[in-house]
Visitor: 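Quick one: this structure, given as structure tokens, is what I'll be asking you about.
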Amino acid sequence: MPSLEKPLALMFVDIADSTMLYERIGNATAAALTQQVLAHLRQLVEEHSGGVIKSLGDGLLAAFPACDDSVRAACAMIDGQDRHGLRLRIGIHHGPVIEGVGDLYGDACNVAARVQQIARQGEILVTQALVDGLSPDLRDRTKPLNNVAMKGKTAPIRVHRVRSADDADDAIESTTLGFSMVTEAGDAMVTLHLSYRGQEIAMSRALPRVTIGREDSSGLRIASRQTSRQHAVIDFTRESFLLTDHSTNGTFIRSGGSPPLVLRRDSTKLVGSGLIGFGAEALDEGQDHVVAFRGELA
């Protein structure tokens, strides 16, 4: 029997911080704006010889026969995102999938979704498999980042960024292997206290997300050149606090007497108390890139 699999470039697109959008402008207005953006994204997919497989709430899954078309569509999406006042996160991977009714199946879908999850706002991340299928001019627009460990994969996957005009923040090349390390929590934490240079933030269900970076708009602004503009985010989800790194230099977590855990485009649960170094190792709380954290149990 001939194989039903076919190779496609798979793109996951997500509207960043859509939850905050609904809180800021109200459900009806936010829903209308979201639908307007998704309609525009769908149009760009079709203009670049792709097809939208399905909508995903505040995002979509699209597929393209050609790798070049997927990247050109993604660049068009990023170039036009400011007209709506929203930011997008895009992940693309090339691999074999099985077509179903209104959906695609296969490991390639999982990889593309994971790449989109670790992308920063306004960023396009692609895998090595996608880069290998690009024409030379588009391949020259990509920049290798770290190898990212993914669930179910025995070996990490190399991730690249598609360069944009605003790429000055990431002049430092980074090729260090990124490991996926998640510490299992015992009792559930209900509050996470963050301390930085006299500033105190208490995360909980009432404040479920804090963005961290050098940008003035960050929920917790870190005044250090070692810290990326959009360095990391901490989310309260499923009774735990999940830190996701989006940076160039990595995030270093020190807790108790254990060796420091290094995140590069990966996530981990924050457990207990300790120090987080945004861009370099955390040696003491007085460093300008270091935040102290302390969990409060239920």
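In this chain, numbering begins with 1 at the start of the sequence shown.
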Visitor: Who pairs with Asn110 by side-chain hydrogen bond (donor to acceptor under 3.5 Å, both in side chains), at least two apart in sequence or on another chain?
Guide: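 Testing Asn110 for side-chain hydrogen bond (donor to acceptor under 3.5 Å, both in side chains), a comparison that skips the adjacent residues, returns none.
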Visitor: Between Arg120 and Ser247, what is the shortest heavy-atom contact and its length?
Guide: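 What the structure gives for the nearest pair is NH1-CA, 4.5 Å.
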Visitor: If we only count heavy atoms from C-beta on, is the Val71 to Arg141 side-chain gap below 4.5 Å?
Guide: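 In short, these two side chains do not touch, never coming nearer than 4.5 Å.
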Visitor: Please tabulate, for the side chains in residues 37-45, all donor-acceptor contacts under 3.5 angstrom to protein atoms that are two or more places apart in sequence or on a different chain.
Guide:
residue : atom : partner : partner atom : Å
Arg42   : NH2  : Ser55   : OG           : 3.4
Gln43   : NE2  : Glu47   : OE2          : 2.9

Visitor: Which heavy atom of Ala129 sits nearest a heavy atom of His93, and at what distance?
Guide: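 Answer, listing the atom of Ala129 first, then His93: CB-CE1, 3.8 Å.
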Visitor: Listed by chain and number, what are the side chain to side chain contact (heavy atoms under 4.5 Å, CB included) partners of Glu200, not counting sequence neighbours?
Guide: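 Glu200 satisfies side chain to side chain contact (heavy atoms under 4.5 Å, CB included) with Ser195 once adjacent residues are dropped.
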Visitor: Provide the closest heavy-atom pair for Ala66 versus Ala9 in the form atom of the first, atom of the second, distance.
Guide: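 Minimum heavy-atom contact is O-CB, 4.2 Å.
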Visitor: Can you find a heavy atom in the side chain of Arg214 that is under 4.5 Å from one in the side chain of Ile222?
Guide: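 A side-chain contact under 4.5 Å is absent here.
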Visitor: Any heavy-atom pair between the side chains of Ile234 and Met203 that's under 4.5 Å?
Guide: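 A side-chain contact exists here, since the closest heavy-atom pair is under 4.5 Å.
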Visitor: At what distance, to the nearest 0.5 angstrom, does CZ of Arg89 lie from CD of Glu123?
Guide: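 So the gap between those two atoms works out to 10.0 Å.
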Visitor: For residues 41-78, pull every pair meeting ring pair (Phe, Tyr, Trp, His ring centres under 6.0 Å), keeping only residues two or more places apart or in separate chains.
Guide: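 Passing the test, one end in residues 41-78: no pairs.
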Visitor: If you look at every heavy atom in Ser49 and Pro65, which pair is closest and at what distance?
Guide: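 Residues Ser49 and Pro65, closest heavy atoms: O-CD, 3.4 Å.
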Visitor: For a 4.5 angstrom cut-off between non-hydrogen side-chain atoms, does Leu88 reach Ile15?
Guide: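 Yes - at least one pair of side-chain heavy atoms lies under 4.5 Å apart.
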Visitor: Please report the interatomic distance CD(Gln117) to OG1(Thr244), rounded to the nearest 0.5 Å.
Guide: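 Rounded to the nearest 0.5 Å, the CD-OG1 separation comes to 8.5 Å.
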Visitor: Can you pull out every salt bridge (Lys or Arg N to Asp or Glu O under 4.0 Å) where at least one residue sits in residues 270-287? Sequence neighbours excluded, please.
Guide: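 Pairs touching residues 270-287 that pass the test: Arg254-Glu281.
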Visitor: Using a 4.5 Å cut-off between side-chain heavy atoms of Ile, Leu, Val, Met, Phe, Trp and Tyr, which other residues end up in the same hydrophobic cluster as Val290?
Guide: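 Answer for Val290: Leu275.
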Visitor: Quick one: does Thr227's side chain have a donor or acceptor within less than 3.5 Å of a partner on Gly213's backbone?
Guide: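 Not a single qualifying donor-acceptor pair exists.
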Visitor: Could you state the interatomic distance from CG (Asp216) to CZ (Arg229), rounded to the nearest 0.5 Å?
Guide: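 Here the rounded value is 11.5 Å.
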Visitor: Check whether any side-chain heavy atom of Met77 sits under 4.5 Å from a side-chain heavy atom of Ile124, and report yes or no.
Guide: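 The answer is no, as the side chains (C-beta and beyond) never meet within the 4.5 Å cut-off.
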Visitor: Which pairs, with at least one residue in residues 100-127 and sequence neighbours excluded, count as a ring pair (Phe, Tyr, Trp, His ring centres under 6.0 Å)?
Guide: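 The answer is none; no pair qualifies.
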Visitor: Just verifying a value: how many Å separate Ile157 CD1 and Arg114 CZ, rounded to the nearest 0.5 Å?
Guide: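 Here the rounded value is 10.0 Å.
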Visitor: State which residue, out of Thr268, Leu261, Ile212, Ile276, fulfils the side chain to side chain contact (heavy atoms under 4.5 Å, CB included) condition with Thr251.
Guide: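 Looking at Thr268, Leu261, Ile212, Ile276, the match for Thr251 under the side chain to side chain contact (heavy atoms under 4.5 Å, CB included) is Ile276.
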Visitor: Same cluster or not: Leu283 versus Tyr196, using hydrophobic residues (I, L, V, M, F, W, Y) connected whenever any side-chain heavy atoms lie under 4.5 Å apart?
Guide: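 Per the 4.5 Å side-chain linkage, Leu283 and Tyr196 are not co-clustered.
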Visitor: Apart from Leu61 itself, which Ile, Leu, Val, Met, Phe, Trp or Tyr residues share its cluster (side-chain heavy atoms under 4.5 Å, direct or through members)?
Guide: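 Its cluster mates, by chain and number, are Leu8, Leu10, Phe12, Ile53, Leu56, Val97, Leu104.
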Visitor: Taking all heavy atoms of Glu5 and all of Pro96, pick out the closest pair and write down the distance.
Guide: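 Taking every non-hydrogen atom into account, OE1-CB, 3.8 Å.
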Visitor: How would you list, by chain and number, every residue that makes a side-chain hydrogen bond (donor to acceptor under 3.5 Å, both in side chains) with Glu215, sequence neighbours excluded?
Guide: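 For Glu215, the residues satisfying side-chain hydrogen bond (donor to acceptor under 3.5 Å, both in side chains) (neighbours in sequence not counted) are Ser217.
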Visitor: CG/Leu192 to CZ/Phe236 distance, rounded to the nearest 0.5 angstrom?
Guide: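 If I round to the nearest 0.5 Å, the distance is 10.0 Å.
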Visitor: To the nearest 0.5 angstrom, please state how far the OG atom of Ser70 sits from the CG atom of Leu138.
Guide: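 Nearest 0.5 Å value for the OG-CG distance: 9.0 Å.
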Visitor: Under a 4.5 Å cut-off applied to non-hydrogen side-chain atoms, are Val271 and Ser255 in contact?
Guide: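 When only atoms from C-beta onward are counted, Ser255 and Val271 do not touch, as no gap falls below 4.5 Å.
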Visitor: Considering all heavy atoms of both residues, which atom of Leu130 and which atom of Cys67 are nearest to each other, and what is their separation?
Guide: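 Shortest heavy-atom separation between Leu130 and Cys67 comes out as CD2-SG, 3.6 Å.
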Visitor: Determine the sole option in Lys269, Arg209, Arg205 for which the salt bridge (Lys or Arg N to Asp or Glu O under 4.0 Å) test with Asp235 is passed.
Guide: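 Per the salt bridge (Lys or Arg N to Asp or Glu O under 4.0 Å) rule, the option paired with Asp235 is Arg209, out of Lys269, Arg209, Arg205.
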Visitor: State which residues pass side-chain hydrogen bond (donor to acceptor under 3.5 Å, both in side chains) with Gln287; sequence neighbours excluded, sorted by chain then number.
Guide: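 Per chain and number, Gln287 pairs via side-chain hydrogen bond (donor to acceptor under 3.5 Å, both in side chains) with no residue.
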Visitor: After noting the C-alpha distance and the side-chain angles of Asp103 and Lys54, does the key distance pass the side chain to side chain contact (heavy atoms under 4.5 Å, CB included) rule?
Guide: CA-CA 7 Å; Asp103 209 347; Lys54 59 181 178 180; 3.1 Å; yes
Visitor: In the structure I gave you, are the side-chain heavy atoms of Ile92 and Val115 within less than 4.5 Å of one another anywhere?
Guide: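 In short, these two side chains do not touch, never coming nearer than 4.5 Å.
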Visitor: Which residue pairs pass the ring pair (Phe, Tyr, Trp, His ring centres under 6.0 Å) test when at least one of the two sits in residues 244-291, sequence neighbours left out?
Guide: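 Ring pair (Phe, Tyr, Trp, His ring centres under 6.0 Å) check on residues 244-291 returns His231-Phe278.
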Visitor: Carefully, step by step, assess Arg163 and Asp140 under the rule side chain to side chain contact (heavy atoms under 4.5 Å, CB included).
Guide: CA-CA 9 Å; Arg163 291 178 183 271; Asp140 289 343; over 6 Å; no
Visitor: Using a 4.5 Å cut-off on heavy atoms from C-beta on, say whether the side chain of Met11 contacts that of Ile90.
Guide: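 Ile90 vs Met11: side chains touch.
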Visitor: Taking side-chain hydrogen bond (donor to acceptor under 3.5 Å, both in side chains) as the test, write out the residues that go with Asp68, two or more places apart.
Guide: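 Scan of Asp68 (side-chain hydrogen bond (donor to acceptor under 3.5 Å, both in side chains), adjacent residues dropped) gives Ser135.
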Visitor: Checking Arg139 side chain against Leu134 main chain: does a donor-acceptor pair fall under 3.5 Å?
Guide: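 Yes, Arg139 side chain to Leu134 backbone: donor-acceptor pair under 3.5 Å.
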